[in-house]
Amino acid sequence: MEHVLLNVGLAISAVLCIYFIYKSFKKRTLLGNRLGRVLIMMLISIVSYHTNYHSTNKLVMYFAESVCHASYDWMLFFMTAFVWELTRRKRHSFMKHFFIVLVSIDTAAILTNPINHFVFSYHIRQGIYNTVALVDPRAFFWVHMLVGCTMIGVIMFLLVRGILMTSRYYRVRYEIVGTLCLLTMVFIMIFIYDEYSVIDLSKLFMGIAAVFLYVASFDFQPIRLMRNLQSYVDENMSDATIIYDDKGNVLKINAKAKNLVDDYLIQNKDALLEYLELEDEESRTIKTINESTYEVVYKPKHDDRGFYVGSTFIFYDVTESMKRLEREHKAATIDSLTGCYNRAGFFENVDKFIEDKEITGGYAVMVSGIRDFKGINGLYGTRAGDRVLKEIARRFTDYSYNVPMLYGRTAEGKFTSILPFDYLDRIVNELSHIQIPIEEEMSVNVNMCHGFVVMSDMNKPVEYYYEIALLALAECKKNVSNSVLEYSNAMAMEQRRTQTLIAEMHEAIEKNEFYIELQPQIDLKEGYVSGAEALVRWNHPTLGKIAPTEFIPLFEENGFISNIDKFVWEKTAETLKNLSEEGIYGGPISVNVSRVDVTAMNVAEEFEKIVSKYGIKPEMLHIEITESACEGNKAALISMMDSLREKGFVVEIDDFGSGYSSLNALMELPFDIVKLDMDFMRDGEEDHKGGVIVNAMAGMIHNLDAKIIVEGVENVDNVRKALCIDGDAAQGYHYSRPVSVEEFAEFVKKHKK
Ligand code: C2E
Ligand code: CA
Ligand code: CA
């Protein structure tokens, strides 16, 4: 029985050693390597003892016993190296070499002993079943013992040192190793000195030692330390947390949570839920507690079988991100240039302003704009423009100290304010003509216009009044002498009408609501119809006939004019074709080209297409373009006129004399005909100089081989003037208003050559 148990025990011990040798080397670390060597030596000692125990051959037994003792030497040597590494000492190659030499000599002596019996003799100890060979201490045995004890001494010294020098959390490691060492040694000693036993307990113990050594080296985790650290992390790093069990008792709560939430609430989960306005299901909320803002996440937990096991509350501190959001919000509502509210900021604060000031009436919304702000930027540079804006903002700020008002820069060059009506006059006066220094000894004159409206109904949104005040401002800007204008009903109606026209323009062209009228031009010398001008009309289904002077500026602004013009050109070509086919009138007819068309399309190509489509001669179409088109892209205008003339069209300058630089236009633009408006000549009546200039101009035009058509001829006196400047043809109410094509046909018949 004893026999079997010992064999099984030794086998287990050996297997454990082999397993942990494998695992230690697999670690591929110095510590693993050292431990592996220790365990190899243990294994050798187990095997040699086993051999010793089972063999009956004396020499084999002696030899096995010697190997066993030699393996103790190396076991201790490697153990020293292992502990050295475990306690992280600096390596001393001197110590290492010293022990290698010592152990090697000892080993050599021990291993040769079975043959030469130099160092000790053996005796056989008799057990119940078996015998084992044992060393008989002689002189050298003590040397061998001394070598072993020295190494044990070093090992113990290192371990004790390790225990004393490291935190209590790591001591266990060294304590385990030390205990194992000592126990092994004790077992070995017991075996040697116990006279009666043939069973070496140390060999059975080595398997256990292998497990513990490995665990102490690699799997040891300072659990208490980790727990401590974890709770430290919980307390200091992470967010406030409360953990409840399934009955709603607090399982765990960290200090942060304790400080944050009332004790009563902590102890009562339902009350806590209610306080946080959370449902009893996974949910989150934002809550401000003690001036900090938290995102609270509540999570009920269930196990894998669906049983409710508890719940957690986590309070994430989002104060900083909320502040950042606030800052970002501020940046989005403040105009960075002037520091006052921008449009978004103004409207966001309007409600609060009205509430705070308890506005009950007598307040006005005013939009103040800078007249020709673009011009200021263009002339003095954008930096000067910025200066102007800052200065205006500063003045508004000044007023706001004395007047209960809210203001902001709501568009590039526009400031909007809400202020008591009584103060409006003063501010308008002070803010109408201001001089703003932009550089040393330089200042710009800024003219401002103000459109305002009294807030008659405080229930209406401020945006409503703002839009209205904007309209008043736009209206105000139209008249140079105005600096302030109150919104009127007439303006509202006009605006509504404008909006209607723009909204309906696309449909109108499809529904053929646009059509042309022709106004005859009469040859001044011979009295026959020498031409006509096609003028567009809009017959609106509900608003009736709308004058082009009303809708053309709108359409020039939004670009729709080009569609209208193409329509008119085509209609005119069609009319020309019909009239000439009927033998009534062979042309020419003039059409208008808006300045917008010059850049919006290839005008010459368009006309080419049209004449080829209707088979009319290009010279039958006269193309009128106002001299003011020069103010846009002059090069494009000139090239357009050139290519039109190349293709055979006749180019007329419309409204000559109304522009800024008529003389320049005359010199630079390639044209065939000039249309002079009577207005231009009426000036001449009052002062003679004007008359002289007109005459000179007319002379120049003729010298350039161009013809003159006098426009706006309303009476005989006008006719006389037109003749006076040697005009070639005349157009005006004196002869005929613009009329339908049929009426024009009749007119032509009456005024034949
Ligand atoms: P405009 O090109 O100078 O056209 C002449 C305008 O003077 C016409 O006004 C005509 O009815 C008006 N008129 C004719 N005789 C007299 C007169 O004896 N006394 C006065 N006071 N006025 C007279 P209308 O038709 O209202 O057109 C106004 C302006 O609208 C035109 O001025 C022209 O600039 C523009 N327009 C008209 N039709 C078109 C078009 O098809 N395309 C473009 N782009 N503009 C057009
Ligand atoms: Ca015209
Ligand atoms: Ca004209």
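The residues of the chain are indexed from 1 along the displayed sequence. None of the values given here were measured: they were computed from a predicted structure. One-based numbering, in listed order, for ligands and for the atoms of each.
Between the side chains of Tyr341 and Glu348, no donor-acceptor pair is found at a separation under 3.5 Å. A donor atom on one side chain and an acceptor atom on the other are found under 3.5 Å apart for Ser590 and Glu652. Between the side chains of Asp728 and His702, a donor-acceptor pair is found at a separation under 3.5 Å. Side-chain contact of Glu743 with Ser740: a donor-acceptor pair under 3.5 Å is present, judged by distance alone. A donor-acceptor contact closer than 3.5 angstrom is absent between the side chains of Gln521 and Glu533. A donor atom on one side chain and an acceptor atom on the other are found under 3.5 Å apart for Asp335 and Thr338. A donor-acceptor pair shorter than 3.5 Å cannot be found between the side chains of Thr626 and Asp654. Donor-acceptor pairing under 3.5 Å is recorded for the side chains of His433 and Asn447.
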- [ ] Could you walk me through whether Glu494 and Arg497 pass salt bridge (Lys or Arg N to Asp or Glu O under 4.0 Å), step by step?
- [x] CA-CA 5 Å; Glu494 194 188 313; Arg497 195 176 151 100; over 6 Å; no
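Arg395 has its side chain within reach of Ile434: a pair of non-hydrogen atoms, C-beta onward, lies under 4.5 Å apart.
At a cut-off of 3.0 Å, Asn592 coordinates the Ca ion (ligand 2) through an N, O or S atom. The Ca ion (ligand 3) has an N, O or S atom of Asp655 closer than 3.0 Å.
Remark: Tyr407 OH is packed, more than 12 non-hydrogen atoms of other residues, nucleotides or ligands lying under 6.0 Å away.
Remark: at the Ca ion (ligand 2), atom OE1 from Glu624 and atom OD2 from Asp654 enclose 80°, rounded to the nearest 10 degrees.
Near Gly732, with a cut-off below 4.0 Å to any heavy atom, the atoms of ligand 1 are 15 (N), 18 (O). Counting atoms of ligand 1 from 1 in the listed order, those under 4.0 Å from a heavy atom of Pro738 are 11 (O). Near Val568, meaning under 4.0 Å from any of its heavy atoms, are these atoms of ligand 1: 41 (O). Close approach of ligand 1 to Val713 is summarised as follows: ligand atoms under 4.0 Å from at least one heavy atom of the residue are 18 (O).
Looking from atom 38 (N) of ligand 1 to the surrounding protein, the closest heavy atom is Val536 N, 3.2 Å. Atom 15 (N) of ligand 1 has its closest protein heavy atom at Gln519 NE2, 2.8 Å. For atom 42 (N) of ligand 1, the closest non-hydrogen atom on the protein side is Asp565 OD1, 2.6 Å. In terms of protein heavy-atom proximity, atom 18 (O) of ligand 1 is closest to Tyr733 N, 2.8 Å. Scanning the protein for heavy atoms near atom 26 (O) of ligand 1, the closest one is Pro548 CG, 3.4 Å. Nearest protein neighbour of atom 5 (C) of ligand 1, counting heavy atoms only, is Glu711 OE2, 3.5 Å. From the protein, the heavy atom lying nearest to atom 39 (C) of ligand 1 is Ile552 CD1, 3.6 Å.
Proximity of Asp655 to ligand 1, defined as any heavy-atom pair under 4.0 Å, is confined to the side chain (atoms from C-beta onward).
Residues Ile376 and Arg371 approach most closely at CD1-O, 4.4 Å, considering heavy atoms.
Inclusion of Thr549 in the set of residues having an N or O under 3.5 Å from an N or O of ligand 1 is not warranted. Considering both main-chain and side-chain atoms, Glu714 comes within under 3.5 Å of ligand 1 through a nitrogen or oxygen pair. Residue Leu535 places no N or O, backbone or side chain, under 3.5 Å from any N or O of ligand 1.
For atom 28 (C) of ligand 1, the protein comes within 4.0 Å by at least one heavy atom. Protein heavy atoms are absent from the space less than 4.0 angstrom from atom 9 (O) of ligand 1. Protein heavy atoms are absent from the space less than 4.0 angstrom from atom 34 (O) of ligand 1.
When the heavy atoms of Glu556, Glu517, Arg537, Glu533 are ranked by distance to atom 25 (O) of ligand 1, first place goes to Arg537.
No donor-acceptor pair under 3.5 Å is formed between the side chain of Thr382 and the backbone N or O of Gly385.
With respect to the Ca ion (ligand 2), Glu533 has OE2 as its nearest N, O or S atom.
Not a single heavy atom of Arg737 lies less than 4.0 angstrom from ligand 1. At least one heavy atom of Gly712 sits under 4.0 Å from some atom of ligand 1.
For the pair Arg343 and Phe346, the cation does not sit on the ring face, since its NZ or CZ is not both under 6.0 Å from the ring centre and inside 45° of the axis.
Ring centroid separation for the pair His751 and Tyr735 does not come in under the 6.0 Å cut-off.
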